[in-house]
Engineer: 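Here's a structure for you.
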Amino acid sequence: MFKTNIQPGLINVSNSFLILRIKGQVNLPHWVVTTFKLFNMEKKYRATIIPKKDNYIGMLNKIKNYACWTDAGMSLVEELINKRAYKIGNIKFTDSDAVKSGFNNINHLARSISDGKTTLSKIKMLKPWFALSPPKHGFKKSTKKMYSENGILGYNKDLGILIKNMM
């Protein structure tokens, strides 16, 4: 289905990825900065959700030493929207805002984002990223190593636990 070096057995869990930027802004190559700008992740500890498409997978493999990602399950997306979604002007995104955006409620919005039917940037009232804080009690694994080397970078199937500690 997809040409990627991401663990192939885990690709079909959902139709979108949750991406978290780990590295800061200093001493990054220009192509990494450009890729993060395309993902609307210009600062450290920003997260976003993108659909699974070949071009996005290529971009993820390009920034695998600076960010981590996992499959965006519906419950994790709903929790992120409830706790960390903001409108322009730093106003909390509510259920009534989801109705104004054309969805029944936040649960329906989370389901459509998780299924890859819509993206955060297509919802005009919603900021296209989630600003997260550093994780409570710190990182348990190295932020300089890939997930396969007992770190957190690249495709990380345990990222949901880390994201919950950052909300």
Side-chain angles (χ1 to χ4, degrees), residues 1-86 110-116 118-121 123 126-167:
M1 184 167 136
F2 293 106
K3 296 176 185 175
T4 179
N5 61 6
I6 300 170
Q7 298 171 355
L10 299 174
I11 290 227
N12 294 326
V13 175
S14 73
N15 289 327
S16 59
F17 285 124
L18 171 66
I19 310 167
L20 173 67
R21 180 174 176 166
I22 298 294
K23 303 287 182 165
Q25 301 171 345
V26 179
N27 294 330
L28 293 180
H30 68 89
W31 49 270
V32 172
V33 173
T34 304
T35 306
F36 278 133
K37 281 184 182 178
L38 292 172
F39 283 144
N40 295 314
M41 298 169 48
E42 296 185 8
K43 292 184 179 180
K44 190 176 183 179
Y45 303 135
R46 289 264 172 102
T48 191
I49 301 168
I50 59 165
K52 285 185 182 177
K53 294 183 180 175
D54 289 337
N55 55 344
Y56 287 138
I57 291 174
M59 292 167 73
L60 287 175
N61 284 328
K62 216 172 174 183
I63 61 168
K64 66 182 174 186
N65 294 320
Y66 306 97
C68 53
W69 65 90
T70 189
D71 295 314
M74 211 279 291
S75 61
L76 184 60
V77 173
E78 184 178 4
E79 190 174 354
L80 266 172
I81 292 173
N82 282 327
K83 291 186 177 180
R84 289 293 183 159
Y86 287 94
R111 186 178 303 115
S112 69
I113 289 174
S114 176
D115 291 342
T118 188
T119 60
L120 292 175
S121 59
I123 303 166
L126 186 62
K127 285 186 178 181
W129 68 82
F130 303 104
L132 301 174
S133 58
K136 294 175 187 169
H137 310 295
F139 291 101
K140 301 300 181 200
K141 295 183 177 183
S142 174
T143 59
K144 298 179 181 180
K145 294 181 181 177
M146 299 300 288
Y147 180 73
S148 60
E149 300 168 346
N150 203 21
I152 62 169
L153 297 175
Y155 183 82
N156 185 345
K157 64 180 181 178
D158 299 330
L159 186 61
I161 299 166
L162 181 65
I163 293 286
K164 288 182 181 184
N165 286 335
M166 296 176 85
M167 283 193 249

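Worth knowing before you read on, the calculation uses all heavy atoms, side chains too, and leaves out hydrogens, waters and symmetry mates.
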Engineer: Please round to the nearest 0.5 Å and tell me the distance separating atom CE of M166 and atom OH of Y45.
Structural biologist: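 The distance works out to 6.0 Å.
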Engineer: For the backbone of H137 and the side chain of K140, can you confirm whether one donor and one acceptor N or O come within less than 3.5 Å of each other?
Structural biologist: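 Flag set: sc K140 to bb H137 pair under 3.5 Å.
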Engineer: Identify which one of L76, I113, I49 satisfies the side chain to side chain contact (heavy atoms under 4.5 Å, CB included) criterion when paired with I81.
Structural biologist: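 Of the listed options, the one satisfying the test is I113.
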Engineer: According to the interplanar angle, ranging from 0 to 90°, do the rings of Y155 and F17 count as parallel (below 30°), tilted (30 to 60°) or perpendicular (above 60°)?
Structural biologist: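 Ring orientation of Y155 relative to F17: perpendicular.
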Engineer: Kindly give the heavy-atom pair with the smallest separation between L120 and W129, and that separation in Å.
Structural biologist: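 Looking at all heavy atoms of both residues, the closest pair is CD1-N, 4.5 Å.
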Engineer: Determine whether Y147 and C68 make a side-chain contact, defined as any pair of heavy atoms from C-beta on separated by less than 4.5 Å.
Structural biologist: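 No, too far: nothing below the 4.5 Å cut-off.
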Engineer: A110 and M74: which non-hydrogen atoms are nearest, and at how many Å?
Structural biologist: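 Scanning both residues completely, I find the closest heavy atoms to be CB-SD, 4.0 Å.
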Engineer: Counting N and O atoms only, with roles assigned by atom type, does the side chain of R21 sit under 3.5 Å from a partner on the main chain of A67, one being a donor and the other an acceptor?
Structural biologist: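 No.
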Engineer: Test side-chain contact (heavy atoms from CB on, under 4.5 Å) on K52 and D71; report intermediate values, then the result.
Structural biologist: CA-CA 9 Å; K52 285 185 182 177; D71 295 314; 2.7 Å; yes
Engineer: Does any non-hydrogen side-chain atom of M167 lie less than 4.5 Å from one of K136?
Structural biologist: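 K136 vs M167: side chains apart.
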Engineer: Could you give the distance from CZ (F36) to CG (L28), rounded to the nearest 0.5 Å?
Structural biologist: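 Answer for the CZ-CG pair, F36 versus L28, is 7.0 Å.
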Engineer: Restricting to non-hydrogen atoms, name the atom on S114 and the atom on S16 that form the minimum distance, rounded to 0.1 Å.
Structural biologist: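 Nearest pair, atom of S114 first, then S16: O-OG, 3.0 Å.
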Engineer: With side-chain contact (heavy atoms from CB on, under 4.5 Å) as the criterion, how do F130 and I163 come out once you've worked through the C-alpha distance, each side chain's angles and the decisive distance to 0.1 Å?
Structural biologist: CA-CA 11 Å; F130 303 104; I163 293 286; over 6 Å; no
Engineer: Can E79 and K83 be counted as an ion pair, charged N to O under 4.0 angstrom?
Structural biologist: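 Yes, this pair counts.
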Engineer: I need the minimum non-hydrogen distance between M41 and L20, along with the two atoms involved.
Structural biologist: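 It is CE-C, 3.8 Å.
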Engineer: Working to the nearest 0.5 Å, report the span between CG of N40 and CD1 of I50.
Structural biologist: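 The distance works out to 11.0 Å.
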Engineer: My understanding is that only residues two or more places apart in sequence, or in another chain, count here; which of them pass side chain to side chain contact (heavy atoms under 4.5 Å, CB included) with K44?
Structural biologist: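 Listed in chain order: nothing, the list is empty.
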Engineer: Just verifying a value: how many Å separate K145 NZ and N65 CG, rounded to the nearest 0.5 Å?
Structural biologist: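 Separation between the atoms: 13.5 Å.
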Engineer: L126 and Y86: which non-hydrogen atoms are nearest, and at how many Å?
Structural biologist: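 Looks like CD1-O, 3.7 Å.
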Engineer: State whether the number of non-hydrogen atoms from other residues, nucleotides or ligands found under 6.0 Å of I161 atom CD1 is greater than 12.
Structural biologist: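 Not more than 12 within 6.0 Å, no.
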Engineer: Would you please name every residue forming a side chain to side chain donor-acceptor pair (under 3.5 Å) with K127, sequence neighbours left out?
Structural biologist: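 Partners of K127 under the side chain to side chain donor-acceptor pair (under 3.5 Å) test: N90.
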Engineer: Within the structure provided, determine whether D158 and K141 are in side-chain contact (heavy-atom separation under 4.5 Å).
Structural biologist: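 When only atoms from C-beta onward are counted, K141 and D158 do touch, with a gap below 4.5 Å.
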Engineer: So, does T70 use its side chain to make a donor-acceptor pair with the main chain of N156 at under 3.5 Å?
Structural biologist: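 Answer holds: yes.
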Engineer: Taking side chain to side chain donor-acceptor pair (under 3.5 Å) as the test, write out the residues that go with D115, two or more places apart.
Structural biologist: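 Checked D115 against side chain to side chain donor-acceptor pair (under 3.5 Å); zero matches.
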Engineer: Quick check: do R84 and S133 have side-chain heavy atoms less than 4.5 Å from each other?
Structural biologist: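 Yes, close enough: below the 4.5 Å cut-off.
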Engineer: Between S142 and N150, is there a donor-acceptor pair closer than 3.5 Å when you use the side chain of the first and the backbone of the second?
Structural biologist: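 Pair absent, no side-chain N/O of S142 close to backbone of N150.
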Engineer: Give, for atom NZ of K144 and atom CD1 of I152, the distance between the pair rounded to the nearest 0.5 Å.
Structural biologist: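 It comes to 12.0 Å.
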Engineer: Nearest 0.5 Å, what's the CD1-CD1 distance between I22 and I63?
Structural biologist: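 So the CD1 of I22 and the CD1 of I63 are separated by 11.0 Å.
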Engineer: Do you know which two heavy atoms are closest between L153 and Y66, and how far apart they sit?
Structural biologist: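 Reported closest heavy-atom pair: CD2-C, 4.2 Å.
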Engineer: Indicate yes or no: at least one non-hydrogen side-chain atom of L60 is less than 4.5 angstrom from one of K64.
Structural biologist: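 Counting from C-beta outward, L60 and K64 never come under 4.5 Å.
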Engineer: Assess whether atom CG of N27 is packed by more than 12 heavy atoms of other residues, nucleotides or ligands within 6.0 Å.
Structural biologist: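 Open: at most 12 neighbouring heavy atoms sit under 6.0 Å from CG of N27.
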